[in-house]
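Notes for the one structure printed next.
Note that the coordinates shown come from a computational prediction; the quantities given were computed from them, not determined experimentally.
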Amino acid sequence: MELIAALRAACGAAHVLTDRGRLRTYESDGLLQHAVVPRVAVLPGSAEEVVAVVRACRAHGVPWVARGSGSGLSGGALPVADGVLIVLTRLRRILAVDLANQRITCEPGVTNVAISAAAGPTHFYPPDPSSQIVCSIGGNVAENSGGAHCFKYGFTTNYVTGLEVVLPDGDVVALGGAELDRPGYDLHGVFVGSEGTLGIATRITVRVVPAPESVRTLVAFFASPAQAGQAVSAIVAAGVVPGAIELMDGLSINASEQMAHAGWPRDAGAALLVELDGPAVELEARFADVTRLCEEAGSREVRVARDAAERAVFWRMRKAAFPAMGRVSPHYYVQDSVIPRTRLAEVLERIAALARDYRLQVANVFHAGDGNLHPLVCYDGHAPGEAARAEELAGEIVLTCVRAGGSITGEHGVGVDKKRYMPAMFGEPDLAAFQKLRCAFDPDGHANPGKVMPTPRLCGEVPGPYRRHPLEAAGLAERM
Amino acid sequence: MAQAAAPTRLEPTTAAQAAALLRDARAVRIRGGATKLAWGRPVAADAELSTARLDGLVAHHAGDLTAIVQSGLPLARAQAAFAAAGQMLALDPPDGGATVGGVVATGDSGPLRHRYGAPRDLVLGVQVALPDGTVARAGSRVIKNVAGYDLAKLMSGACGTLGLLTELTVRLHPLPRGWRTAVGRGDDPAALAHAAQALAHRPLEAEALDLRWAGGDGAVLARFAGPAADARAAAAARALADDGLAAAVVADDGPLWDAQRAGQRGPLTVRVSATQTQLGALLVAARGEGARLVARAALGLAWLTLPPAAPAAQAAAVGRLRAALAPAPCVVLEAPAAVRAAVDPWGPVDPALLALMRRVKARFDPERRCNPGLFAGGI
């Protein structure tokens, strides 16, 4: 059977898109700088249909890319031109809410926020990317998504306990489960963050945790991000682990004010948003500590959210930062580098110097607890040469962070966007080890090709067949 | 070469040396602090590859709450260094002589796992000597990173069957202060399980939440730290009392938790990966077998130590546990040789999963040089 016919047989003709106009809907993910129209897009409606699609791709030797909500920021779901785009948005059932065991099992197209809603109000699912209203749990698994709460609570990988995965050869395997520490390799841990290159998760089991007893939120204003950074270091050194600790610079405050209207001082050099959550009896003492530490670091004003409404306004300021920047600048380029927190002041200084050199503005919004910067390089794509200059500046910022002992990406993933920076972090033996893993899952290289690794690689044959251990050969394996 | 009786001991001093030794080896048994050599299936090796001379604390970035250690560094030595800065690596498994690398490679943990996670959750980056003679790194030195495949997770708990961990970057936490433990005692498994599960679902932010059972009675233990530890432990004790247990707050609680850790080892100890709703069944199984039990209540992990008996009777008891607690995997950690010969310590592995695991093994260690045969499924 021809490929398109096979896909139609698998999922129904209505769910197989070949019209170029309709396919253009899927040409990019959240990283709009890259666009590729796939040969065909298919929207399976069940795990069985995903299996049939992957098997059809394999039978025809065609590469494929899995896509969730398409909100990723690294081009991880960028289609390949001659390949199949497998869109998982129809797989949006929550399959089991087992709060007694603190587990929720769902299909990959379920949104992040729907999981917390299913767990609430007694429990919640901590990893909360800013896009949580639209982003899918399958995409979160692929990217190992973080969010504002991960300094205290951890990332997607710390919450996924089990996965059902369709491997690139069409076989289905259960990795992990509801239980922790099942015997064998931690392959669900390996799968999380593998950016769609090892298979497609069709069933995802996550751990949810009791919702905190109380929450207190404050914002402290500083003369500069570096000064705010000192407050962050002091807070962490005092043994306080905030639920969230977010830093915005003056440019971002001004941009967000235009959308969120929180009445924050426009002349502040930085705002530090600190949220503490936990047992009420402990929170009061900790909250006083944080207020004092901010003041000692030179904060000119500390505002405490009086109620849930004001807390929501504080968060709207933070979450408006990316969209609001679109009003200030025609285009912007988001980076996702991470630095050791103690290097914050010098790295910010270096970024400012680079921005001056490149004659561009860079706004800084970041998860301060874990040193995950999100520099927004502002540019006008219609001005000749400016887009290229912005991209070059963004690259310089990434390399500055790596040189400071950091990472090229904290939560957005490598995708196509950052693969060229991989050699700055990893040497040839490291990349070769990554490739060993990839080849174990996908020897034909059909799953999301062209992502993560800086240059295309093929999988060689495994040297020799699997050799049985002498004990197995002796028959001891028979009893298993 | 001379005497073939004792296995050759290889003690590399650098990762590159370790990789070269692996490349030239036939089959090696990997050795750290030698506290868990009895775990897993028997290994057919002609040499021991030891991390004894890879025992340095490479860097402690106190301000960033991270550290880089060589794999052979004893955990206790690492903790002493971190404690001097008011910090800890939040891993508290039982054996004092264990190395950081050994704890990570076996995925071992203690009561602090309740709050801080397993080794997989605390290792940020690894350096590993591979059987092809290369030294590879994965992960990073910062607490948040998604660049490249997470080989740190692959190596954590792999029991040294894919390569030798030579260096680890770990996340540290502030050392908790002002410990208090709420203890609720009782002799009814159902009441203990109910009380433990009720606490697991309250937003207590306890440092640890354990269950124990021995000789006909048991207890729920909830440990707190920090400025409000007294009040929080008192509140937990009230909740335990409301659930019908004899509750109290213990200030000098170190010995209680040392006992919990010690309970994870024994002449025949089975680690059960269960779920919270199986806590009652775990306690009933322990009572039925006359076993001692220690459990991480919220995590559903339990360690049952079976009473002394003839090997055949002990093997039968392991079989009964597996049947009673299915589908929860029951892994025999240590056992007398006769029991180990009669029972697969890992239990069955799903064939599709085993096939994938073998493909991973074949890519990293095609000649089966690293701990051959030790792991689940005979890998």
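The shortest distance between side-chain heavy atoms of Leu198(A) and Tyr149(B) falls below 4.5 Å. Looking only at side-chain heavy atoms (C-beta outward), Pro340(A) and Arg141(B) stay at 4.5 Å or farther from each other. You'll find the side chain of Val146(B) stays beyond 4.5 Å of the side chain of Glu143(A), heavy atoms only. In this structure, Val192(A) and Asp150(B) have side chains that are not in contact, with every pair of non-hydrogen atoms separated by 4.5 Å or more. Using a 4.5 Å heavy-atom cutoff, the side chains of Val142(B) and Ile339(A) are not in contact.
For Thr342(A), the parts lying under 4.5 angstrom from a heavy atom of chain B are both the backbone and the side chain. Using a 4.5 Å cut-off between heavy atoms, Tyr153(A) touches chain B through its side chain atoms alone. Using a 4.5 Å cut-off between heavy atoms, Arg271(B) contacts chain A through its side chain alone, with no backbone atom that close. Proximity to chain A involves both the backbone and the side chain of Pro327(B), based on heavy atoms less than 4.5 angstrom apart. Both the backbone and the side chain of Phe364(B) come within contact range of chain A, judged by heavy atoms closer than 4.5 Å. Heavy atoms closer than 4.5 Å to chain B are found nowhere in Asp98(A), neither backbone nor side chain. With a threshold of 4.5 angstrom between heavy atoms, Leu204(B) approaches chain A through N, CA, C or O but not through any side-chain atom. At a 4.5 Å heavy-atom cutoff, the contact between Val360(B) and chain A is made by backbone and side-chain atoms alike. Heavy atoms closer than 4.5 Å to chain A are found in the backbone of Val135(B), but not in its side chain. For Tyr421(A), no part lies near chain B; criterion is any non-hydrogen pair under 4.5 Å. Only the side chain of Asp169(A) comes within less than 4.5 Å of a heavy atom in chain B; its backbone stays farther off. Proximity to chain B (any heavy atom under 4.5 Å) is shown, for Val165(A), by neither the backbone nor the side chain. Contact of Ile143(B) with chain A is made through backbone and side chain together, with heavy-atom distances under 4.5 Å. Both the backbone and the side chain of Ala200(B) come within contact range of chain A, with heavy atoms under 4.5 Å apart. Only the backbone of Ala274(B) has a heavy atom closer than 4.5 Å to any heavy atom of chain A. Using a 4.5 Å cut-off between heavy atoms, Phe426(A) touches chain B through its side chain atoms alone. Only the backbone of Ala225(B) comes within contact range of chain A, with heavy atoms under 4.5 Å apart. Only the side chain of Thr134(B) comes within contact range of chain A, with at least one heavy atom under 4.5 Å from a heavy atom of that chain.
For the set Val452(A), Leu175(A), Asn372(A), Asp171(A), the count of heavy-atom pairs under 4.5 angstrom toward chain B peaks at Asn372(A). Note on Pro212(A), Ala285(A), Pro429(A), Cys459(A): by heavy-atom pairs under 4.5 Å with chain B, the leading option is Pro429(A). When each of Glu195(A), Lys419(A), Arg286(A), Met453(A) is scored by its heavy-atom pairs under 4.5 Å with chain B, the top score falls to Arg286(A). Heavy-atom pairs under 4.5 Å with chain B were tallied for Val414(A), Thr409(A), Val190(A), Val173(A); the largest tally goes to Thr409(A). Contact tally against chain B (heavy-atom pairs below 4.5 Å) for Glu428(A), His412(A), His367(A), Arg438(A): the top residue is Arg438(A). The greatest number of non-hydrogen atom pairs below 4.5 Å with chain A, out of Ala147(B), Ala118(B), Gly86(B), Ala352(B), is found for Ala147(B). The greatest number of non-hydrogen atom pairs below 4.5 Å with chain A, out of Gly148(B), Ser140(B), Ala355(B), is found for Gly148(B). With chain B as the partner, the residue from Thr197(A), Asp336(A), Val209(A) showing the most heavy-atom pairs under 4.5 Å is Thr197(A). The choice from Ser273(B), Ala228(B), Pro174(B) that makes the most heavy-atom pairs within less than 4.5 Å of chain A is Ser273(B).
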>> The test is side-chain contact (heavy atoms from CB on, under 4.5 Å); show your working for Val338(A) and Asn145(B) and say whether it passes.
In response: CA-CA 7 Å; Val338(A) 187; Asn145(B) 163 59; 5.7 Å; no
> When you look at Tyr185(A) and Thr161(B), which way does the side-chain contact (heavy atoms from CB on, under 4.5 Å) test go after all the steps?
Replying inline: CA-CA 10 Å; Tyr185(A) 296 129; Thr161(B) 56; 2.8 Å; yes
> Stepwise, does the side-chain contact (heavy atoms from CB on, under 4.5 Å) test hold for Leu356(B) with Phe441(A)?
Replying inline: CA-CA 7 Å; Leu356(B) 181 60; Phe441(A) 280 76; 3.6 Å; yes
>> Using the rule given for side-chain contact (heavy atoms from CB on, under 4.5 Å), can you reason through Leu187(A) versus Met357(B), listing the C-alpha separation, both sets of side-chain angles and the distance that settles it, and then say yes or no?
In response: CA-CA 8 Å; Leu187(A) 296 183; Met357(B) 284 169 45; 4.0 Å; yes
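Taken from CG in Leu154(B) to CZ in Phe191(A), the straight-line distance is 14.5 Å, to the nearest 0.5 Å. Interatomic distance, OG1 of Thr275(B) versus CZ of Arg103(A), reported as 8.0 Å (0.5 Å rounding). Interatomic distance, CG of Asp370(A) versus CZ of Arg171(B), reported as 7.5 Å (0.5 Å rounding). To the nearest 0.5 Å, atom NE2 of residue His201(B) and atom CD of residue Gln102(A) are 4.5 Å apart. Atom CZ of Arg341(A) is separated from atom OG1 of Thr66(B) by 9.0 Å, given to the nearest 0.5 angstrom. Atom OG1 of Thr161(A) sits about 11.5 Å away from atom CG of Leu299(B), to the nearest 0.5 Å.
The pair Arg296(B)-Asp181(A) does not meet the salt-bridge criterion, since no charged nitrogen lies less than 4.0 angstrom from a carboxylate oxygen. Comment: Asp350(B) does not engage Arg182(A) in a salt bridge, judged by the lack of any side-chain N to carboxylate O separation of less than 4.0 angstrom. Between Lys152(A) and Glu205(B) there is a salt bridge, since at least one side-chain N of the basic residue sits less than 4.0 Å from a carboxylate O of the acidic one.
A donor-acceptor pair under 3.5 Å is formed between the side chain of Gln197(B) and the backbone N or O of Ala100(A). No donor-acceptor distance shorter than 3.5 angstrom exists from the side chain of Asp430(A) to the backbone of Ala138(B), with no hydrogens or angles considered. Formation of a donor-acceptor pair under 3.5 Å by the Arg120(B) side chain with backbone atoms of Thr157(A) is found in this model.
Of all heavy-atom pairs spanning Gly460(A) and Arg363(B), the tightest one is O-NH1, 2.7 Å. For Gly147(A) against Lys144(B), the heavy-atom pair with the smallest separation is O-NZ, 4.1 Å. Of all non-hydrogen atoms in Arg232(B) and Pro279(A), the two that sit nearest each other are NE-CG, 3.6 Å. For the residue pair Leu301(B) and Leu180(A), the shortest heavy atom distance occurs at CD2-O, 3.8 Å. Closest approach of Pro183(A) and Pro329(B) over heavy atoms only: CD-CB, 3.5 Å. Closest approach of Leu151(B) and Ala433(A) over heavy atoms only: CD1-CB, 3.8 Å.
Other residues, nucleotides and ligands place no more than 12 heavy atoms under 6.0 Å from the CZ atom of Arg177(B).
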